[in-house]
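This one's a predicted model, so the numbers in the text were calculated from it and none came from an experiment.
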Amino acid sequence: MTPTSVAPTGGFLTTGEVAIRIGGTSQHVRQLIKSGRIEAIDIAKGHGRPRFRISEAALAAFLDSAAVRTTQTTAEEAA
């Protein structure tokens, strides 16, 4: 009997897909997951090596938190 896939469908990405979107590697994405910077689920929990899936929302939250934001200074503040 062939087991059915337990991978979530709709809006979930593999580490490779996330790596392409952020311009990194799958290994870097796994490091971000392990450090807690990107939220992910492990669809292989307890059954071998981790197989992470990242939601579109989790990727968006990571990108938002990593964004560089500048503040505008007024002439008074600059002086």
How far does [atom1] of [X] sit from [atom2] of [Y], to the nearest 0.5 angstrom?
X	Y	atom1	atom2	result
Leu63	Ile38	CG	CD1	7.5 Å
Phe52	Thr15	CZ	OG1	8.5 Å
Phe12	Ile43	CZ	CD1	10.0 Å

### Summary
Sequence neighbours excluded, the answer for side-chain contact (heavy atoms from CB on, under 4.5 Å) partners of Arg49 is none

### Qualifying side chain to side chain donor-acceptor pair (under 3.5 Å) pairs with a residue from residues 32-43, counting only residues at least two apart or across chains
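Not a single pair qualifies under side chain to side chain donor-acceptor pair (under 3.5 Å).
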
### Message
Within the 4.5 Å heavy-atom criterion, are Thr14 and Arg53 side-chain neighbours or not?
### Response
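Yes. Closest side-chain heavy atoms under 4.5 Å.
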
In residues 18-31, what donor-acceptor pairs under 3.5 Å come from side-chain atoms, sequence neighbours left out?
from	atom 1	to	atom 2	distance (Å)
Arg21	NH1	Glu56	OE1	2.8
Arg21	NH1	Glu56	OE2	3.4
Arg21	NH2	Glu56	OE2	3.3
Thr25	OG1	His28	N	3.1

